[in-house]
Amino acid sequence: MADLEGVNGQREEFRVVGKPNLPGRLSYALAAGIAKFGIDYAVPGMLHAKFLRSPYANAKIISINTDKARSIPGVADIVTWEDEDIKKLVSEGESFAPKEPWLDNIADHEGVEVGVIVVAENEDICEKALKELDIEWEILPHIVDIQTGRKPDFPVIRPEERMASSMFGPPVPKTGNVHFSTLEQGDVESGFKEADYIIEYDLNMPAFASHMPNPSGSVAWWFDDPYHGGGKSLHLEGVAWRTDLAKDAVGRMYKMPPEKVIHRGIFQGGKYCDWGLRKSQEITPLLARRTGRPVRCMNTRKDTFDFLINQRFIHMKVGFKDNGLITAIDDYSIADGGARGSSSFGTSGDQHYGPYFTTKCLNIKQKMEVVDSNRGKMYVSGQHCPFNWDSITMAIYLIAEKLGKDPINIARLNLHGPVSQEDPEPVPSFEACIETGKEMMSWDWHSAGSKKLPDGRMHGASFRYQMSPRHSGATYNTKLELRNGIVHMPTQGPCTGIFAVEANAMVVAEELGLEYEDVIVDFDYREPFFPVGGGSDGTTASAWVMKECAHILKKNILKAAIDEAENPPARSMFEFGPPEDPSPFKGLKPEDLDMEKGKIFIKADPDKSVPVPKAVKKNIFATYSGRPPLSIWSQGMGKMLDTMNTAYCEVAVDTETGEVEILRFGVVADTGKVIRRTSLESQIDQVMYFSQGCQLLEDFVYDQRTGVKLNTNMFDYKKPTIKDVPHVERDFLESRAGNAVYGASGISHSLANTHAVIIAIHNAIGVWVDPPATPDKVLKALGKA
Amino acid sequence: MHNNEKINGSGKRTSFTHATAQAQAAGSIEAIPATVKDFRCPVCSKDFSGYPELKQHYTEDHPDAVIPVTVSLNINGKDCEVLIEPHWTLQRTLQFRLGLTGSKLMCDRGVCGSCTVIMDGRSVLSCSILAVECEGKNIQTIEGIAANPKWKPLVDAYCKWDAMQCGYCTPGFLVSAKSILDKNPHPTDEEIKEALAGNICICGTYPRHSTAIMEAASIMAKEGE
Ligand code: FES
Ligand code: FES
């Protein structure tokens with residue numbers, strides 16, 4: 001549904017919104033190197049803290065002697081899981097993890113914080129002291145290969161009952177190391193009976209690291225605060241995100257009300273949808289309190305290799321008619337449940353977002369084994385959610401191959417209509433995307449292994465579709481001020497890399513007839529407005545609310561212009577010069593006026609205008625709290641459709657060397673309405689490079705014997721460089737069909753894919769290569785190695 | 001307990017234009033201490049009145065520890081002296097002794113280019129070079145580039161083209177970009193990619209850099225006419 005409930009949701013003329021190349025409000029600070037991220041904070045007299053990190057994949061500290069470590073010069077404090085101070089801590093941040101204990105003596109993956117924190121004059125001394133801890137470990141069996149770990153006779157690695165998360169329903173009992181999650185609709189058996197063909201295939205989704213660019217951590221200190229009830233207040237840096245879920249959450253751990261917790265930093269770095277607080281961000285207030293000095297605790301690069309997606313094996317069985325119409329889907333997945341506290345977004349949560357629900361097929365069974373493992377933790381969410389989308393991409397490709405038909409036509413046949421799974425109508429957004437996409441890519445489908453390029457390499461192509469999601473259901477509290485004739489938009493930020501603040505400022509400018517530069521953004525951590533909640537999704541949702549607020553401000557300004565025309569404010573004794581001309585608005589009503597280019601004018605006689613600062617001398621405020629109508633996406637989870645997007649990939653495979661080159665990616669995305677074009681383009685590039693990385697380059701490598709992760713550094717875990725990335729062709733459609741601001745939707749997550757490149761490789765050489773498709777694996781698949 | 005409230009100031013508004021960023025960058029260079037004022041023992045945090053006293057303290061109290069050294073550097077045209085432990089990298093020194101946080105630590109081992117600085121005209125990775133090796137060298141950091149009005153077109157182009165998302169890698173890219181333009185005022189797309197191959201961006205800004213650098217190059221060429 002389009003933005004019909006809000007004010008001006010179907011605005012036709014845009015002066016500011018959609019414009020490219022408007023610099024970000026904090027871009028100069030970032031470019032000049034003066035933007036401070038958490039890791040950058042250093043305060044005089046501070047101590048440094050480090051956690052003991054487990055050298056074992058699964059182990060328990062039986063006993064510990066800290067005497068030798070404590071005697072090292074420069075060690076200020078050592079805290080263990082047995083200290084009362086630690087036992088009292090309960091994490092308050094956004095997490096699906098079990099809340100207690102905050103730190104214990106059991107390590108459930110290599111590198112996890114366990115048992116002990118050392119505080120010292122510098123990090124080198126911390127390291128030295130950690131080495132001097134005398135620890136007796138009990139080493140327990142571990143799982144880093146989930147296919148082995150799921151076997152019924154494998155020792156149970158985590159004895160207590162535990163689901164990956166309870167976010168999507170009550171915890172399910174587990175058997176051995178496996179939890180089962182099943183979601184079923186229709187009658188799968190009869191669906192298969194109806195089918196003319198049944199295909200079965202296996203997908204392997206590799207694990208993928210987020211390793212956000214800026215290692216996380218914090219600095220904290222306590223200070224005398226006479227202004228907020230006396231006593232000490234807490235200053236914390238390094239947890240920039242939504243204040244309620246970050247700095248206030250840490251404050252709550254120490255019984256501090258929000259007003260007594262200061263956090264000035266606004267630069268979050270590249271965390272995107274990874275909302276989880278790290279222990280290094282939660283512990284510093286305690287250590288600062290204990291030592292009476294500021295304390296800094298930073299993760300290293302190695303510590304920052306968390307999971308963005310967990311590994312998953314999907315066995316799919318698909319029944320379809322001879323025209324390609326799917327009659328039954330049976331998805332049996334074995335997913336890495338990860339370490340304790342991993343997000344269910346990576347496992348059972350996906351079942352609810354199922355790509356299968358976008359098809360007309362009513363017989364769908366999804367069964368998932370979520371296997372406890374010691375591979376590491378996936379924090380709240382990642383850019384690849386929902387992870388399993390490409391199982392439908394794969395099914396469509398295989399049906400197409402089987403029937404010798406273009407996968408776009410198979411997708412078109414199977415996609416249900418806008419209203420329900422039984423709606424036979426086409427989805428206009430999808431139709432528009434494929435029409436543009438085919439032209440953009442000069443789409444000319446060929447069957448697997450049938451096209452050789454002039455240079456002798458094999459050519460392959462793939463196609464996928466997704467919904468353009470808008471999942472933010474958050475309420476946003478907006479405020480705008482006209483201060484001394486200038487419009488201010490106060491916000492807590494943060495600066496997250498998605499330019500959400502800027503998109504909001506553009507909407508304000510649009511609604512108030514101003515230029516983007518005329519809207520002053522006041523960044524202040526105490527302000528309630530945060531334009532986040534997903535990426536472009538939260539941006540467009542928050543901007544809807546901001547649009548409503550701008551409209552209220554405008555009404556208030558026009559009313560004030562009339563009030564001041566009728567009752568001009570008294571001249572102050574410091575104002576000199578001749579008296580001002582009487583306002584031309586005298587005798588009019590607010591509805592007779594409008595605003596444009598920083599002036600208020602009479603609609604019936606636009607030449608009669610007064611600059612805003614002159615027409616309105618008093619300060620005007622507007623507030624609006626609310627949220628846009630719930631999106632089709634969140635209500636239907638695929639069973640209703642509005643804005644869609646399509647992606648294309650073309651590869652060339654050298655069958656002699658096994659090398660794969662992505663010739664280009666193509667993206668045609670119906671964003672509903674483009675708000676901030678330049679960053680939207682960049683977000684699309686980003687998500688396609690993520691996808692390239694996980695299909696061609698990136699993989700976690702474990703030593704199976706010890707359970708130790710071998711490549712938690714940027715040499716051995718390879719991210720694409722500027723020389724690796726392909727060209728991304730993009731086109732944005734504006735159906736205005738989303739119900740966030742001006743009919744916009746979110747976009748970026750939905751283009752993340754795990755198999756578009758893999759399918760294109762199959763289309764090139766006719767054999768499957770598991771991601772990451774490195775040359776050696778390609779050659780092996782071709783029987784050449 | 002310390003009262004550190006004044007450390008980060010109490011300004012409510014944070015608003016960045018080229019002028020404010022340039023001024024702040026210049027301010028951070030201005031604030032670099034020219035000489036060592038704090039002779040603090042890195043092991044036990046005791047303060048001493050001078051280097052001889054600190055050395056003496058090491059001999060008496062930390063006989064097994066390596067004695068800190070003083071190093072003379074020239075950072076963004078400013079001569080300064082720092083007291084560091086000999087194993088400190090230049091990046092660590094810039095951040096913890098000189099208050100310059102523009103050289104970012106991402107990979108911590110010479111892979112990502114986020115910590116790039118220019119030393120005697122050559123790009124080097126400040127995470128992988130010891131500060132003691134930089135004695136007497138001329139070092140340019142991102143702050144020096146941002147503070148120099150000559151490079152305004154480059155900074156402007158980076159901001160105009162969103163050659164940043166989270167912005168953490170951005171200073172490193174910008175230093176590399178400046179280094180390219182120093183050597184080649186009219187680089188091609190291919191040459192830029194070659195020169196930026198050692199800078200990693202996790203947020204996918206890659207195509208933006210060539211656009212920004214080439215635009216800056218043509219503006220700078222016009223300004224130079
Ligand atoms: S931090 Fe120096 S190269 Fe990555
Ligand atoms: S902009 Fe985030 S790492 Fe480059």
Side-chain angles (χ1 to χ4, degrees), chain A residues 21 23-37 39-40 42-45 73-74 121-122 125 212-214 221-224 232 235 264 266-267 269-270 292-294 300-301 495-499 520-524 678-679 682 685-686 689 713-715 719 721-723 725, chain B residues 1-5 7-8 12-18 20-22 24-25 28 42-45 61-62 95-96 101-102 104-109 111-112 141-143 146 155 158-162 164-171 174 193 196-197 199-200 202-209:
Chain A
N21 299 120
R25 291 306 169 99
L26 299 168
S27 295
Y28 279 101
L30 293 165
I34 54 173
K36 274 193 177 186
F37 298 78
I39 191 171
D40 296 327
V43 296
E121 295 295 337
N122 61 49
I125 300 174
M212 67 187 88
N214 47 316
W221 63 91
W222 298 87
F223 63 97
D224 294 318
K232 299 282 181 198
H235 194 135
R264 295 229 158 79
I266 40 182
F267 298 97
R293 286 169 63 182
T300 62
R301 166 50 52 202
C495 179
T496 57
I498 54 170
F499 296 92
I520 305 290
V521 178
D522 294 332
F523 288 97
D524 184 335
T678 314
S679 44
S682 253
D685 291 344
Q686 175 185 32
Y689 302 157
N713 65 74
M714 290 176 70
F715 266 123
K719 286 272 182 195
T721 70
I722 199 166
K723 298 265 285 176
V725 297
Chain B
M1 289 200 189
H2 284 221
N3 182 342
N4 279 310
E5 259 316 81
I7 291 165
N8 288 322
K12 186 183 172 203
R13 290 221 343 231
T14 317
S15 159
F16 292 99
T17 59
H18 180 266
T20 50
Q22 186 185 348
Q24 282 198 36
S28 64
V43 177
C44 60
S45 270
D61 296 336
H62 314 303
Q95 178 176 357
F96 291 102
T101 56
K104 305 293 188 195
L105 197 71
M106 187 194 293
C107 71
D108 200 14
R109 59 172 65 190
V111 188
C112 75
T141 69
I142 181 62
E143 290 87 349
V155 178
Y158 260 68
C159 296
K160 175 180 160 191
W161 286 101
D162 280 0
M164 64 196 76
Q165 285 200 55
C166 81
Y168 192 68
C169 68
T170 314
L174 227 136
K193 282 187 180 152
L196 293 181
N199 287 77
I200 290 182
I202 301 187
C203 304
T205 60
Y206 293 136
R208 303 277 153 182
H209 297 277

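In the text below, chain A, chain B and the rest are named by the order of the sequence lines, each starting its count at 1. This one's a predicted model, so the numbers in the text were calculated from it and none came from an experiment.
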Shortest non-hydrogen separation from [X] to [Y] and the atoms involved:
X: Pro171(B); Y: Gly167(B); value: CD-O, 3.5 Å
X: Thr170(B); Y: Leu30(A); value: CB-O, 4.5 Å
X: Ile200(B); Y: Tyr206(B); value: CA-OH, 3.5 Å

Give, as side chain, backbone, both or neither, the part of [X] having an atom under 4.5 angstrom from any heavy atom of chain A.
X: Leu196(B); value: both
X: Tyr168(B); value: both
X: Ile202(B); value: both
X: Cys203(B); value: both

Do Thr20(B) and Thr17(B) meet the criterion of a side-chain donor-acceptor pair at a distance under 3.5 Å? yes
Most chain B-contacting option - heavy-atom pairs closer than 4.5 Å, from [options]:
options: Ala31(A), Gly270(A), Cys495(A); answer: Ala31(A)
options: Lys719(A), Met212(A), Met714(A); answer: Met714(A)
options: Pro213(A), Pro73(A), Gly74(A); answer: Pro213(A)

Please check if the side chain of [X] supplies one atom and the backbone of [Y] the other of a donor-acceptor pair under 3.5 Å.
X: Gln24(B); Y: Ala29(A); value: no
X: Asp685(A); Y: Gly204(B); value: no
X: Asn122(A); Y: Pro42(B); value: yes

Name the region of [X], side chain, backbone, both or neither, that has any atom closer than 4.5 Å to a heavy atom of chain B.
X: Phe499(A); value: side chain
X: Ile125(A); value: side chain
X: Asn713(A); value: side chain
X: Tyr28(A); value: both
X: Ala35(A); value: backbone

Between Thr300(A) and Asp108(B), does a side-chain contact (heavy atoms from CB on, under 4.5 Å) hold up when you go through it step by step? CA-CA 8 Å; Thr300(A) 62; Asp108(B) 200 14; 5.8 Å; no
Is any side-chain heavy atom of Asp40(A) closer than 4.5 Å to one of Lys104(B)? yes
Report yes if the side chains of Met106(B) and Asn214(A) come closer than 4.5 Å at any heavy-atom pair, otherwise no. no
Separation between CG of Asp524(A) and CZ of Arg264(A), rounded to the nearest 0.5 Å: 8.5 Å
Interface residue of largest heavy-atom contact number with chain A, from [options], under 4.5 Å:
options: Ser45(B), Ala25(B), Cys112(B), Ala197(B); answer: Ser45(B)
options: Glu143(B), Met164(B), His62(B); answer: Met164(B)
options: Gln22(B), Arg208(B), Lys193(B), His209(B); answer: Arg208(B)
options: Ile142(B), Val111(B), Asp162(B); answer: Asp162(B)
options: Gly102(B), Cys107(B), Cys166(B); answer: Cys166(B)

